[in-house]
Amino acid sequence: MTRWIEAAFVRGGTSKGLFFREDALPVLGDDGDTSAWDAVFTSAMGSPDSFGRQLDGMGGGISSLSKVMVVSASTREGVDLDYTFGQVAIAEAAVDYSGNCGNLSSGVVPFALSAGLVTASDGWHVFRLFNTNTQKFVDVGLGVVDGQAAVDGELVLPGVSGTGAPIELIYPDPAGSRTGELLPTGVAREEFDVDGRRFEATLVDATLPLVVVPSSLVMLRGTEAPGAIDASAPTMRLIDELRRTAAVRMGLCSTPETAPEVVPKVAIVSNPQSTTLLDGTELPAADVDILVRVISMGQAHKAVPGTAAMCLAAAALLPERDSFVRGIIERNNPDWTGPEVRLGTPSGVVTASAVWDDDAQTVTATSLFRTARVLMIGKVAVSD
């Protein structure tokens with residue numbers, strides 16, 4: 001039997017996903033069991049699909065197109081909206097709630113305005129959101145026109161055709177989103193033994209846990225297109241083993257086999273180099289501070305997850321020179337002081353910012369500009 005559930009299809013940044021009002025979904029039990037939601041989300045997105053295309057649902061067969069958001073008006077003082085992010089697996093009937101999504105976070109307020117969860121007069125507004133995945137606040141600034149989020153604007157977002165109205169994401173107190181610490185192991189460079197080889201990586205947690213590793217250590221130049229990385233089975237196996245080992249070191253799981261699927265993500269970083277982008281244009285080395293290729297849900301991202309971009313900006317401000325991000329940037333630009341970091345991604349330059357507090361010795365905020373658009377409002381089919 002098919003059920004129809006009210007939903008919207010929303011692009012946020014370089015991701016797309018289904019957005020639901022919480023009151024349109026089954027009520028979850030007090031024990032935190034999400035199985036009722038999981039059944040809705042996997043059916044709606046077309047998972048599991050052994051062909052990897054999610055043709056029988058709304059998913060697009062890659063991690064950035066297989067996502068859901070659940071949004072509600074908040075009862076917390078000073079907070080406008082609560083939201084929960086779910087990463088829907090493609091080949092399995094599973095949903096991972098272990099992290100937040102920076103790209104889709106930019107679509108929460110546009111969806112909420114269209115769904116009547118919040119209202120606002122025309123002009124620029126800042127809304128405070130509470131992300132239930134990380135138990136952290138997110139401030140979202142955007143323009144409102146005729147009661148809806150502005151769409152037209154001049155902001156170019158790498159990986160998205162055309163231009164759009166800017167949406168500013170500000171993450172106050174981003175450190176320790178899942179681990180409780182900016183540096184979960186207390187040092188800016190960790191050593192690992194993976195598959196009989198020695199590795200070094202920076203483990204950092206600001207907006208999300210991230211494993212930062214130089215491209216040379218995983219047999220890459222750093223300029224590869226996502227498809228070329230995905231096609232290298234030995235490299236992908238090595239990266240996955242490194243990710244799972246790092247997850248244990250960061251306290252996210254007890255064994256590599258039980259590592260969450262969403263976090264930590266892996267950022268492969270390298271020196272600025274001239275690269276060919278996915279649209280065929282050339283990105284000069286002088287236009288970036290660092291090159292990055294992010295592995296998310298077992299695939300190379302075609303741009304960069306928003307939370308990963310902000311985490312890399314935070315890693316760039318670490319006073320420890322052992323941080324691979326800071327080390328690469330300062331080696332190529334000794335005069336760099338931040339707070340902005342220009343990330344060279346497969347789709348172009350993404351700029352993220354972070355604020356460092358010398359007294360507290362931590363990052364007190366990260367920020368990023370995105371665009372978003374509500375693509376469809378209606379009902380989605382769910383099979384019982």
Ignoring hydrogens and angles, state whether a donor on the side chain of [X] or [Y] is under 3.5 Å from an acceptor on the partner side chain.
X    : Y    : value
E190 : T185 : yes
S66  : S63  : no
K67  : S15  : yes
S74  : D82  : yes

_Quick check for you: to the nearest 0.5 Å, what is the distance between D230 atom CG and I62 atom CD1?_
9.5 Å

_Pairwise distance CH2(W336) to CD1(I329) - rounded to 0.5 angstrom_ = 5.0 Å

For [X], what residues pass the side-chain hydrogen bond (donor to acceptor under 3.5 Å, both in side chains) criterion, not counting sequence neighbours?
X    : result
E282 : S274, T276
T281 : D279
T345 : none
S114 : none

*Taking all atoms of both residues into account, what is the closest heavy-atom pair of A285 and P272, and its distance?*
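Smallest interatomic distance, heavy atoms only, reads O-CB, 3.5 Å.
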
*Over all heavy atoms of both residues, which pair between D96 and E261 is shortest? Give the atoms and the distance, please.*
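Smallest interatomic distance, heavy atoms only, reads OD2-N, 2.8 Å.
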
*Compute the centroid of each ring, for F111 and then for F19, and state whether the two points are separated by less than 6.0 Å.*
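F111 vs F19: aromatic centres under 6.0 Å.
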
Check for a donor-acceptor pair, side chain of [X] on one end and backbone N or O of [Y] on the other, with a separation under 3.5 Å.
X    : Y    : answer
D357 : T364 : no
R243 : P256 : no
D49  : A91  : no
D122 : D146 : yes

_Please check if the number of heavy atoms outside E181 that lie under 6.0 Å from its CD is greater than 12._
no

*Count the heavy atoms of every other residue, nucleotide or ligand shown that sit under 6.0 Å from CD of Q361, and state whether that count exceeds 12.*
yes

*For F20, which residues count as a ring pair (Phe, Tyr, Trp, His ring centres under 6.0 Å) partner, sequence neighbours excluded?*
F41

Counting only pairs under 3.5 Å, give me each side-chain donor-acceptor contact of residues 29-36, with atom names and distances, residues two or more places apart or in other chains.
| residue | atom | partner | partner atom | Å |
| --- | --- | --- | --- | --- |
| D31 | OD1 | D33 | N | 3.1 |
| D33 | OD1 | S35 | N | 3.1 |
| D33 | OD1 | S35 | OG | 3.2 |
| D33 | OD2 | S35 | OG | 3.0 |
| T34 | OG1 | D38 | OD1 | 3.3 |
| T34 | OG1 | D38 | OD2 | 3.2 |

Output side-chain donor-acceptor pairs under 3.5 Å for residues 231-242, partner residues at least two apart or in another chain, one line each.
| residue | atom | partner | partner atom | Å |
| --- | --- | --- | --- | --- |
| S232 | OG | T235 | OG1 | 3.0 |
| D240 | OD2 | R244 | NE | 3.1 |

*Partners of D195 by salt bridge (charged side-chain N to carboxylate O under 4.0 Å, His left out), sequence neighbours excluded?*
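For D195 there are no salt bridge (charged side-chain N to carboxylate O under 4.0 Å, His left out) partners, ignoring immediate neighbours.
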
Show which side-chain atoms of residues 264-271 pair as donor or acceptor with protein atoms under 3.5 Å away, not counting sequence neighbours.
| residue | atom | partner | partner atom | Å |
| --- | --- | --- | --- | --- |
| K265 | NZ | V262 | O | 3.4 |
| K265 | NZ | S296 | OG | 2.9 |
| N271 | OD1 | R331 | NH2 | 3.4 |
| N271 | OD1 | N332 | ND2 | 3.0 |

Per-pair distances, 0.1 Å, donor-acceptor, side chain in residues 366-381, under 3.5 Å, sequence neighbours excluded:
| residue | atom | partner | partner atom | Å |
| --- | --- | --- | --- | --- |
| R370 | NH1 | N103 | OD1 | 2.7 |
| T371 | OG1 | R11 | NH1 | 3.1 |
| T371 | OG1 | R11 | NH2 | 3.2 |

Check residues 163-175 and write down every donor-acceptor pair under 3.5 Å in which the side-chain atom is one partner and the other belongs to a residue at least two apart or another chain.
| residue | atom | partner | partner atom | Å |
| --- | --- | --- | --- | --- |
| T163 | OG1 | G153 | O | 2.7 |
| Y171 | OH | N100 | ND2 | 3.3 |
| Y171 | OH | S105 | OG | 3.4 |
| D173 | OD2 | K136 | NZ | 3.3 |

*Mind checking what makes side-chain contact (heavy atoms from CB on, under 4.5 Å) contact with A149, not counting sequence neighbours?*
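Listed in chain order: P110, L113, L142.
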
